[in-house]
K.L.:
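The following block contains the structure, expressed as structure tokens.
In this text, all values refer to a predicted model and were calculated from it rather than measured experimentally. Letters go in sequence order (proteins before strands), and every chain restarts at 1.
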2 protein chains.
Amino acid sequence: MFKLSRLADYAVVTMVELGRHVELVTAPALAQETGLPEPTVAKLLKVLLADGLLQSRRGARGGYELALPLKDISIARVIAAVDGPVMVTACVDGGDCGCTSGCSLKGKWDVVNDAIRATLEAISLADMTRGAPDGAGGLSAGVRRGPESAAPGAAVLGG
Amino acid sequence: MFKLSRLADYAVVTMVELGRHVELVTAPALAQETGLPEPTVAKLLKVLLADGLLQSRRGARGGYELALPLKDISIARVIAAVDGPVMVTACVDGGDCGCTSGCSLKGKWDVVNDAIRATLEAISLADMTRGAPDGAGGLSAGVRRGPESAAPGAAVLGG
DNA sequence: GCATAGAGTACCGCTCAGGTCCTGTTTTCG
DNA sequence: CGAAAACAGGACCTGAGCGGTACTCTATGC
Ligand code: FES
Ligand code: FES
């Protein structure tokens with residue numbers, strides 16, 4: 001149903017929690033603070049570390065810390081680390097999704113994919129921490145511009 | 001990996017193919033034109049019909065036709081019909097995703113969800129048919145505004 | 001009345017995400 | 001030096017849900 005995996009969700013939660021500390025934090029401590037199961041958190045941390053989003057110190061008194069400040073980490077980055085790159089369909093980046101023979105939409109999904117990716121890249125983890133302004137222009141720059149009122153997609157594709 | 005289901009992909013293909021006809025089209029004919037398996041197409045058509053996106057005529061000489069012109073049908077609409085409403089995590093619209101106890105991100109995902117939904121609503125099926133402008137401002141209004149260059153998400157949340 | 005084609009429903013197998021566990025390695029501390 | 005702490009890196013298992021299939025019923029046209 002077009003949702004990202006629960007692991008990606010948990011990864012964002014874990015990263016934000018990590019951002020609240022300045023010193024190294026252990027996996028069990030993070031699990032307790034976030035309320036997530038410890039093995040899952042440990043697994044997530046390894047993945048995030050492998051992607052370069054975290055730094056770690058082994059051994060006793062070890063733990064994890066962010067490699068970048070929260071504001072410099074986009075949600076897309078975290079999702080890509082856990083779930084792999086954003087691909088709305090299997091036929092972006094040249095793959096096949098079944099309707100191979102002369103499908104007229106073959107490359108068109110890339111546009112949609114790019115839009116989604118841009119949207120996710122425009123939101124940082126720091127944005128998740130601060131309260132979203134309820135009424136006023138929450139999403140300002142253009143992502144949120146009331147597409148229901150105008151003709152859908154009128155201004156999207158330049159054609 | 002944050003992809004929509006294959007059925008949703010097929011649904012868009014089928015809808016676009018339907019848009020190329022003015023008269024009723026049968027499910028087998030659509031299957032042949034799109035290259036998709038016939039049972040799957042038939043199932044899809046039933047779902048799309050139930051959602052009001054199609055009109056049908058039963059019996060001999062029956063078939064399907066679009067209930068609305070392609071330009072008035074957003075991708076989000078098709079996806080919602082097949083895959084259900086767009087929900088990036090399970091904790092939008094008040095649900096739980098596991099980290100229930102005092103999760104600081106509880107409502108923040110709604111913002112992300114809204115952004116994704118708006119992006120998908122801004123692209124119509126008609127936009128999928130016409131060639132995406134390669135160089136020039138493909139995604140004009142703001143969805144594509146180079147978040148890599150500026151600080152990610154700097155202008156997103158008004159706070 | 002028969003052929004056509006959609007409407008509706010029920011079912012089944014396969015894939016993969018989500019979760020658990022184990023073992024090895026590194027570092028600190030007593 | 002030994003023991004404990006904590007990360008590193010797998011292997012493995014299970015369940016839900018997607019994707020696909022089949023069957024029957026009903027409506028329409030010739
Ligand atoms: S190849 Fe993916 S939509 Fe046709
Ligand atoms: S409740 Fe979904 S992120 Fe915490």
K.L.:
What does B:Ala27 touch in the nucleic acid at a heavy-atom separation under 4.0 angstrom: a base, only the sugar-phosphate, or nothing?
P.N.:
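Since only primed, P, OP1 and OP2 atoms lie under 4.0 Å of B:Ala27, the category is sugar-phosphate.
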K.L.:
Going by heavy atoms in the side chains, are A:Leu45 and A:Leu18 under 4.5 Å from each other?
P.N.:
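Yes. Closest side-chain heavy atoms under 4.5 Å.
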K.L.:
Are B:Ser56 and C:dA5 close enough that a side-chain N or O sits under 4.0 Å from OP1 or OP2?
P.N.:
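For C:dA5, neither OP1 nor OP2 has a side-chain N or O of B:Ser56 closer than 4.0 Å.
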K.L.:
What I'd like to find out is whether the side chain of A:Thr40 reaches to under 4.5 Å of the side chain of A:Leu7, using heavy atoms alone.
P.N.:
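In contact.
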K.L.:
Are the side chain of A:Lys108 and the backbone of B:Thr129 linked by a donor-acceptor contact shorter than 3.5 Å?
P.N.:
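Yes; at least one donor-acceptor contact below 3.5 Å.
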K.L.:
Who pairs with B:Pro39 by side chain to side chain contact (heavy atoms under 4.5 Å, CB included), at least two apart in sequence or on another chain?
P.N.:
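B:Pro39: side chain to side chain contact (heavy atoms under 4.5 Å, CB included) contacts with B:Pro37.
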K.L.:
Could you name each residue pair satisfying side-chain hydrogen bond (donor to acceptor under 3.5 Å, both in side chains) that touches residues 9-25 of chain A, not counting sequence neighbours?
P.N.:
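Matches after skipping sequence neighbours: A:Asp9-B:Trp109, A:His21-A:Glu33.
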K.L.:
Could you tabulate the donor-acceptor pairs under 3.5 Å formed by side-chain atoms of residues 54-67 of chain A, not counting sequence neighbours?
P.N.:
none

K.L.:
For B:Glu38 and C:dG6, what is the distance between atoms CD and P respectively, to the nearest whole Å?
P.N.:
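After rounding, the reported distance stands at 11 Å.
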K.L.:
For nucleotides 14-30 of chain C, just jot down a letter per nucleotide in 5' to 3' order: B, S or -, based on protein non-hydrogen atoms under 4.0 Å.
P.N.:
----SBB---BBBBSS-
K.L.:
With a 4.5 Å cut-off on side-chain heavy atoms, are A:Leu120 and B:Ile116 touching?
P.N.:
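Counting from C-beta outward, B:Ile116 and A:Leu120 do come under 4.5 Å.
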K.L.:
Rounded to whole angstroms, how far apart are CG on B:Leu49 and P on C:dT9?
P.N.:
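To the nearest whole Å, that distance equals 13 Å.
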K.L.:
Using a 4.0 Å cut-off to any heavy atom of chain B, which nucleotides of DNA chain D are the first and last in contact, reading 5' to 3'?
P.N.:
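Endpoints of the contacted stretch of DNA chain D: D:dG19 to D:dG29.
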K.L.:
Can you name the salt bridge (charged side-chain N to carboxylate O under 4.0 Å, His left out) partners of B:Arg77, sequence neighbours left out?
P.N.:
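B:Arg77: salt bridge (charged side-chain N to carboxylate O under 4.0 Å, His left out) contacts with B:Asp51.
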